[in-house]
Amino acid sequence: MHELGIVFNIVASVENFVAQNQLTTVRSITLQVGEICTVVPKYLVDCFPAAVDKSALLHDTKLKIEIIPATCVCHDCFEVFSLIKHKQTCPDCGSTDTEIISGKELEIKEIEAF
C-alpha cells in the first residue's frame, strides 16, 4: 500500500506550506485524484489519521477527495469523451488516434488554513 507514503508526503508538504505562511490551523486538505490514477482514494482516507496523529497543526484536519474523470480527446475530430465508457476509441468518429487528457492526477487542490 503505497498510499501511506503518499499521505505522509502530502502531510509534509502541507506542514511546509503552513510554516512558510505562518499559519496556525489547517481545517481541511482537498486532493484531486484521477479516476485512473494508481492511488486508491479510500486507502488515502484510511491512512490519513495515522499521518496526522502526531501533528499538532493537522490533528483535527479533514481530508477531502475529488475524483477527476478520465477523459480522452480525439485527434481526428477533437471530440472529448470518457475513457472509462469508451476505452480509447472515439464515440463520434471511431478513431483510435486519441490522447488521455485527464484522470491521472494526484494533486493538492486546496488547503483551508488560517
Side-chain angles (χ1 to χ4, degrees):
M1 179 190 323
H2 65 286
E3 284 80 1
L4 183 59
I6 290 169
V7 170
F8 275 105
N9 284 329
I10 290 167
V11 166
S13 294
V14 171
E15 287 176 334
N16 287 337
F17 175 82
V18 167
Q20 289 173 358
N21 291 282
Q22 301 174 349
L23 303 170
T24 59
T25 304
V26 179
R27 285 195 179 154
S28 67
I29 300 167
T30 303
L31 302 180
Q32 290 184 319
V33 180
E35 194 171 30
I36 58 172
C37 178
T38 60
V39 173
V40 179
K42 181 184 180 337
Y43 293 166
L44 292 174
V45 172
D46 291 347
C47 293
F48 190 72
V52 299
D53 186 47
K54 295 185 175 154
S55 172
L57 289 172
L58 302 177
H59 184 71
D60 293 323
T61 300
K62 180 178 178 185
L63 179 64
K64 300 177 184 178
I65 295 184
E66 296 177 357
I67 304 299
I68 305 299
T71 58
C72 286
V73 64
C74 176
H75 287 267
D76 293 330
C77 72
F78 306 105
E79 178 76 14
V80 175
F81 59 93
S82 167
L83 172 66
I84 302 300
K85 186 175 180 182
H86 300 286
K87 310 286 187 238
Q88 280 190 269
T89 302
C90 178
D92 195 46
C93 73
S95 173
T96 56
D97 184 13
T98 62
E99 177 182 355
I100 298 172
I101 57 174
S102 69
K104 295 181 179 181
E105 301 84 354
L106 176 58
E107 304 171 335
I108 299 173
K109 175 187 176 188
E110 180 178 68
I111 301 168
E112 183 183 357
F114 57 91

Q: Name all residues meeting the side-chain hydrogen bond (donor to acceptor under 3.5 Å, both in side chains) criterion together with T98; count only those two or more places apart in sequence or in a different chain, and write none if there are none.
A: none
Q: Any chance you could measure D76, atom CG, to C93, atom SG, to the nearest 0.5 Å?
A: 5.0 Å
(Q) Going by side-chain hydrogen bond (donor to acceptor under 3.5 Å, both in side chains), name the residues that satisfy it together with T71, two or more places apart in sequence or in a different chain. (A) S102
Q: Using the side chain to side chain donor-acceptor pair (under 3.5 Å) rule, collect all pairs that involve residues 80-90, keeping only residues at least two apart or in two chains.
A: none
**Q.** Atom pair CZ/CD1 of F48 and I65 - distance to nearest 0.5 Å
**A.** 9.5 Å
Q: Looking only at non-hydrogen atoms, find the nearest pair between F81 and P91 and report the distance.
A: CG-CD, 3.4 Å
Q: Check the pair L106, I6 against side-chain contact (heavy atoms from CB on, under 4.5 Å), reporting the backbone distance first and the verdict last.
A: CA-CA 10 Å; L106 176 58; I6 290 169; 3.7 Å; yes
Q: Identify the heavy atoms of I68 and Q32 that sit nearest to each other, and give their distance.
A: CD1-NE2, 3.7 Å
Q. What pairs of residues pass the side chain to side chain donor-acceptor pair (under 3.5 Å) test when at least one of them lies in residues 4-21, not counting sequence neighbours?
A. E15-S55
Q) Partners of V26 by side chain to side chain contact (heavy atoms under 4.5 Å, CB included), sequence neighbours excluded? A) V14, V18, I29, L58, T61, I111, A113
Q. Is it true that I67 and I108 fall in one hydrophobic cluster, defined by side-chain heavy atoms closer than 4.5 Å?
A. yes
(Q) My understanding is that only residues two or more places apart in sequence, or in another chain, count here; which of them pass salt bridge (Lys or Arg N to Asp or Glu O under 4.0 Å) with K42? (A) D46
Q: Pick out which of V45, T38, V40 makes a side-chain contact (heavy atoms from CB on, under 4.5 Å) with E3.
A: V40
Q.
Within the 4.5 Å heavy-atom criterion, are T25 and L57 side-chain neighbours or not?
A. no
(Q) Applying a strict under-4.5 Å side-chain criterion to I, L, V, M, F, W and Y, I'd like to know whether I10 and F17 cluster together. (A) yes
Q) Other than L83, which residues form its hydrophobic cluster under the rule that side-chain heavy atoms must be closer than 4.5 Å? A) I36, I84, I100
Q.
Tell me which pairs pass salt bridge (charged side-chain N to carboxylate O under 4.0 Å, His left out) where either residue lies in residues 92-114, with sequence neighbours left out.
A. R27-E112, E66-K109
Q.
Quick test of your reading: applying salt bridge (charged side-chain N to carboxylate O under 4.0 Å, His left out), list the pairs with at least one residue in residues 4-14, sequence neighbours left out, ordered by first then second residue.
A. none
(Q) Do L63 and S28 have side chains that approach each other closer than 4.5 Å (heavy atoms only, starting at C-beta)? (A) no
Q. If you group Ile, Leu, Val, Met, Phe, Trp and Tyr whenever their side-chain heavy atoms sit less than 4.5 Å apart, what else falls in with V80?
A. V73, I101
Q: Examine distances only and state if a side-chain atom of E35 and a backbone atom of P69 form a donor-acceptor pair shorter than 3.5 Å.
A: no
**Q.** Distance in Å, C90 SG paired with F78 CZ, rounded so as to fall on 0.5 Å steps
**A.** 11.0 Å
